[in-house]
Amino acid sequence: DPRWRRHPEVVLRLDALWKAFEGAVASTDPGAMSRWWIHDFDPHMRVILEGESGPMSNEHDQDIHPPLPMVKATPPAPEKNRRWVSANTT
C-alpha cells in the first residue's frame, strides 16, 4: 500500500530510520543494532502507525491503490559488513 508516500513526515521518518539502520549495521559496537531498535525504530513506528493522531490517521480504507510493481531486489551487503551475523556459525 503506497499511501505512506503521500505523507512527507512518514517519508522523512522512514529515510531517517534507514540511515540510522545503515549506521548501526556498519558499526563495530555490538550494541548498535539493539539501540537502533529501541531508540530509532520503536519510537518512529509508534508515531507512523498511530491511528488516532499519526501522520496517516486521515487515510480511509476506500482510498485503496493497486499494488506496487515488482522491483529487482538489492543484493545483500558483503560479508565483512554483516557484523550482526554471528561469527560462530559452525
Side-chain angles (χ1 to χ4, degrees):
D1 186 354
R3 288 181 285 179
W4 62 269
R5 293 180 181 189
R6 296 190 301 213
H7 302 278
E9 179 182 353
V10 175
V11 173
L12 290 171
R13 285 179 178 275
L14 291 176
D15 185 59
L17 278 173
W18 178 252
K19 289 174 183 173
F21 174 80
E22 289 292 319
V25 169
S27 175
T28 58
D29 179 357
M33 283 305 299
S34 179
R35 279 191 296 283
W36 178 81
W37 282 105
I38 296 167
H39 298 290
D40 294 307
F41 183 84
D42 289 344
H44 281 296
M45 291 309 289
R46 265 193 297 275
V47 171
I48 291 170
L49 299 176
E50 169 54 46
E52 300 272 330
S53 62
M56 294 180 58
S57 61
N58 290 327
E59 289 293 335
H60 301 290
D61 290 337
Q62 69 267 17
D63 190 18
I64 302 296
H65 296 274
L68 293 175
M70 295 296 291
V71 294
K72 189 172 182 179
T74 305
E79 287 297 321
K80 66 179 183 175
N81 291 335
R82 291 189 185 173
R83 289 182 175 77
W84 49 271
V85 177
S86 174
N88 300 322
T89 57
T90 57

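Here CG of L14 is found 6.5 Å from CE of M45. Values are rounded to the nearest 0.5 Å.
The same ILVMFWY cluster, assembled from side-chain heavy atoms under 4.5 Å apart, contains both V11 and W18. V47 and W37 end up in different hydrophobic clusters when Ile, Leu, Val, Met, Phe, Trp and Tyr side chains are linked at under 4.5 Å. Both W36 and L49 are members of a single hydrophobic cluster when ILVMFWY side chains are connected at heavy-atom separations under 4.5 Å.
Residues R46 and D42 are not paired through a salt bridge, judged by the lack of any N-O separation under 4.0 Å between the basic side chain and the carboxylate.
Contact between I38 and P43 at its shortest, heavy atoms only, is O-CD, 3.3 Å.
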List the steps and the verdict of side chain to side chain contact (heavy atoms under 4.5 Å, CB included) for H7 and I48.
CA-CA 10 Å; H7 302 278; I48 291 170; over 6 Å; no

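Partners of E9 by side-chain hydrogen bond (donor to acceptor under 3.5 Å, both in side chains), not counting sequence neighbours, listed by chain and number: R13.
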